[in-house]
Amino acid sequence: MHGIFNILNTARLFLHALRDLVIRFLPRGLVRLIIAPGRFAFIVHPLSFKDAGKKYPFAGKLPESFIDIWTRYYWPIVGSEITGFKTKRNEEVRGWIIVCPLTPRQMMRDQPLARRKILQSVKLAEKLGAEIVGLGAFTSILTHDGTDLIGKVKVGLTTGNAYAVALLIQNVIKIAEKIGMELKDATVAIVGAAGSVGSACTRILSEKVRQFILVDIDRKALESLIVTLGIRSNLKSYLEVDVVSTADIVIVATSAMGTIITPSHLSSGSIIIDGSQPKNVSKEVIEERDDVLVIESGVAKLSGINYKLDIGLRKDEVYACLGEVLILTWKDRNRNYSIGKVDPNHVHEILVEEKQVGLSLADFRNSGGIITDKDIEHFKSYRLSH
């Protein structure tokens, strides 16, 4: 009986996928007869081939070489309906999660293919009636923070980076308060300082801390950021990540695909806020270093929001990119928002608007699970005793 259920479920998934392929070539009026329209959409992608099993359970039994070929020739699909969100007029509106089938490694290996798939994903969202579309994770990076899509689509676009910065800053401020750290006395390092998220974090936090260490492999972009900030005695810039060992708080916000921060990089008692996707802090830091605290950023909570695709979050939680889409939908703003480098003014704006929408910072967590108040008290006691 279980085998028959699996066969029927697999057939249903492929019929839906075929529907999503056909929709791209149909007029919008006809599409509305096939699938209910939504006001907004959020584009995601698998982080690894293992994620394919979250949508297609049988994929877990296939060799990775086969999945690699399959996903390269597959098309964007509707991952889930998003319900439970209301506008400021108390009108409930529907949204969609669109799945771009490529992993970050596939995207970096064949960037022209990745950009075609991302464009197809946005076009699918258009056909579903979306007025604003969020570019999640590497779909933003591979389109140069959305700038490559300008003029190619008819919907408003956002990368979610403004809200990602807002959540990073909230994580820094909240954890500092909980352990009794004064930011004005702290040394803060940011890895990926010259990127879209990193540069905005730098511009907002640089005047709030005693010492700011900027790290980026892009020398030209880093020098440009320094010029923008002006001459300040509390700023130092580096190309190598080893210098973060002198920091009290390390913010990681890069577009790298894998591990950058390892246990050897960190000093005892330091706090690491990882805002990258995929995560740049190795699991060994959490497993081997009881004397440091790792917090993964980029997640907000919103009561009542509902979707059926497993994207690694708990009930009532959303990633920053979807959170930003929801804020813009609530405002009835359907124009491009955080495209290109993040405007710090957008960050301040969105920090005010998240409260009106009902969004707030999610619980502290890392790959080991939720970080409890007991965990924080233990870490705080360690810092005080050393």
Side-chain angles (χ1 to χ4, degrees), residues 38-48 51-52 54-55 71 76-82 85 95-108 111 114-126 128 130-149 153 155-168 195-197 253-257 274-280 296-302 305 307-313 317-329 336-340 342 350 359 362:
R39 282 269 300 277
F40 59 90
F42 170 48
I43 298 176
V44 301
H45 60 78
L47 296 179
S48 68
D51 284 345
K54 294 178 180 180
K55 183 67 179 177
T71 52
I77 62 170
V78 176
S80 174
E81 183 181 30
I82 305 172
F85 181 68
W96 297 101
I97 295 177
I98 306 296
V99 181
C100 180
L102 302 177
T103 67
R105 292 194 180 278
Q106 288 176 302
M107 290 184 184
M108 295 302 291
Q111 295 186 25
R115 293 189 183 98
R116 288 197 300 273
K117 298 280 189 186
I118 294 166
L119 180 59
Q120 289 170 2
S121 300
V122 179
K123 291 287 189 180
L124 176 57
E126 281 185 2
L128 294 175
E131 298 171 358
I132 183 78
V133 176
L135 302 171
F138 262 65
T139 65
S140 167
I141 294 165
L142 264 293
T143 57
H144 297 96
D145 296 317
T147 57
D148 290 349
L149 295 171
V153 296
V155 294
L157 298 169
T158 188
T159 60
N161 286 343
Y163 196 36
V165 173
L167 292 175
L168 268 168
S196 180
V197 170
T254 84
S255 57
M257 288 187 297
D274 191 353
S276 304
Q277 193 65 266
K279 298 305 177 186
N280 290 161
E296 295 180 355
S297 186
V299 180
K301 56 186 177 182
L302 177 64
I305 198 74
Y307 47 85
K308 295 180 180 178
L309 182 67
D310 180 5
I311 56 176
L313 298 180
E317 289 185 339
V318 298
Y319 284 117
C321 181
L322 176 53
E324 188 164 296
V325 169
L326 296 174
I327 291 170
L328 296 176
T329 300
N336 292 340
Y337 194 65
S338 54
I339 299 299
V342 175
I350 219 160
L359 284 155

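Remember, it's a predicted structure, so these values are computed and weren't measured experimentally. Note that the numbering runs from 1 along the sequence shown for the chain.
- For Asn280, the side-chain contact (heavy atoms from CB on, under 4.5 Å) partners two or more places apart in sequence, or in a different chain, are Val252, Thr254, Ala256, Ile260, Asp274, Ser276.
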Item to complete: Go through the steps for Leu135 and Val122 under the test side chain to side chain contact (heavy atoms under 4.5 Å, CB included), then give the verdict.
Response: CA-CA 9 Å; Leu135 302 171; Val122 179; 4.1 Å; yes
Practice prompt. Begin with the C-alpha distance, continue with both residues' side-chain angles, and end with the deciding distance and a verdict on side chain to side chain contact (heavy atoms under 4.5 Å, CB included) for Gln277 and Leu47.
Written response: CA-CA 8 Å; Gln277 193 65 266; Leu47 296 179; 3.3 Å; yes
Discussion item. What verdict does the side chain to side chain contact (heavy atoms under 4.5 Å, CB included) test give for Val133 and Ile98, after you've listed the backbone C-alpha separation in whole Å, the side-chain angles of each residue and the deciding distance to 0.1 Å?
Written reply: CA-CA 10 Å; Val133 176; Ile98 306 296; over 6 Å; no
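- The heavy-atom pair separating Pro101 from Thr71 by the smallest distance is O-CB, 3.6 Å.
- Between the Gln120 side chain and the Pro76 main chain, no donor and acceptor come within less than 3.5 Å of each other.
- A pairwise comparison of heavy atoms in Ala253 and Leu168 identifies CB-CD1, 4.4 Å as the closest pair.
- A distance of 4.0 Å separates CD1 of Ile327 from CD1 of Ile350, quoted to the nearest 0.5 Å.
- Within the 4.5 Å cutoff, side-chain heavy atoms of Phe85 are placed close to those of Leu302.
- Here Asp148 contributes atom CG and Gln111 contributes atom CD; the two are 10.0 Å apart, rounded to the nearest 0.5 Å.
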Practice prompt. Would you sort out whether Ile82 and Val318 count as a side chain to side chain contact (heavy atoms under 4.5 Å, CB included), showing the intermediate values?
Written response: CA-CA 11 Å; Ile82 305 172; Val318 298; over 6 Å; no
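- Between Cys321 and Thr158, the closest heavy-atom pair is SG-O, 4.3 Å.
- A donor-acceptor pair under 3.5 Å is absent between the side-chain atoms of Ser140 and the main chain of Ala137, judged by distance alone.
- Considering every non-hydrogen atom in both Thr329 and Arg39, the closest pair reads O-NH2, 3.8 Å.
- In terms of modelled atom types and a separation under 3.5 Å, the side chain of Thr159 and the main chain of Ser338 share a donor-acceptor contact.
- Judged purely by atom type and a 3.5 angstrom limit, Glu324 uses its side chain to pair as donor or acceptor with the backbone of Tyr163.
- Atom CG of Asn336 sits about 5.0 Å away from atom CG of Leu157, to the nearest 0.5 Å.
- With Ser297 contributing its side chain and Gly275 its backbone, the two residues share no donor-acceptor pair below 3.5 Å.
- Every residue two or more places apart in sequence or in another chain that forms a salt bridge (charged side-chain N to carboxylate O under 4.0 Å, His left out) with Glu317 is listed here: Arg314, Arg365.
- To the nearest 0.5 Å, atoms OG1 (Thr143) and CE (Met107) are separated by 9.5 Å.
- Distance OG/Ser80 to CD1/Ile97: 5.0 Å, rounded to 0.5 Å.
- The closest donor-acceptor contact from the side chain of Ser196 to the backbone of Gly340 lies under 3.5 Å.
- When all heavy atoms are compared, the tightest approach of Thr139 to His45 is CG2-CD2, 3.9 Å.
- Residues Ala162 and Tyr337 come closest through the heavy atom pair CB-CE2, 4.2 Å.
- By the 4.5 Å heavy-atom criterion applied to side chains, Val153 and Leu119 are counted as neighbours.
- Within 6.0 Å of the CZ atom in Arg115, the count of heavy atoms belonging to other residues, nucleotides or ligands exceeds 12.
- Here Glu81 contributes atom CD and Trp96 contributes atom CH2; the two are 4.5 Å apart, rounded to the nearest 0.5 Å.
- Between Tyr319 and Phe42, the angle of the ring planes lies from 30° to 60°, which puts this pair in the tilted group.
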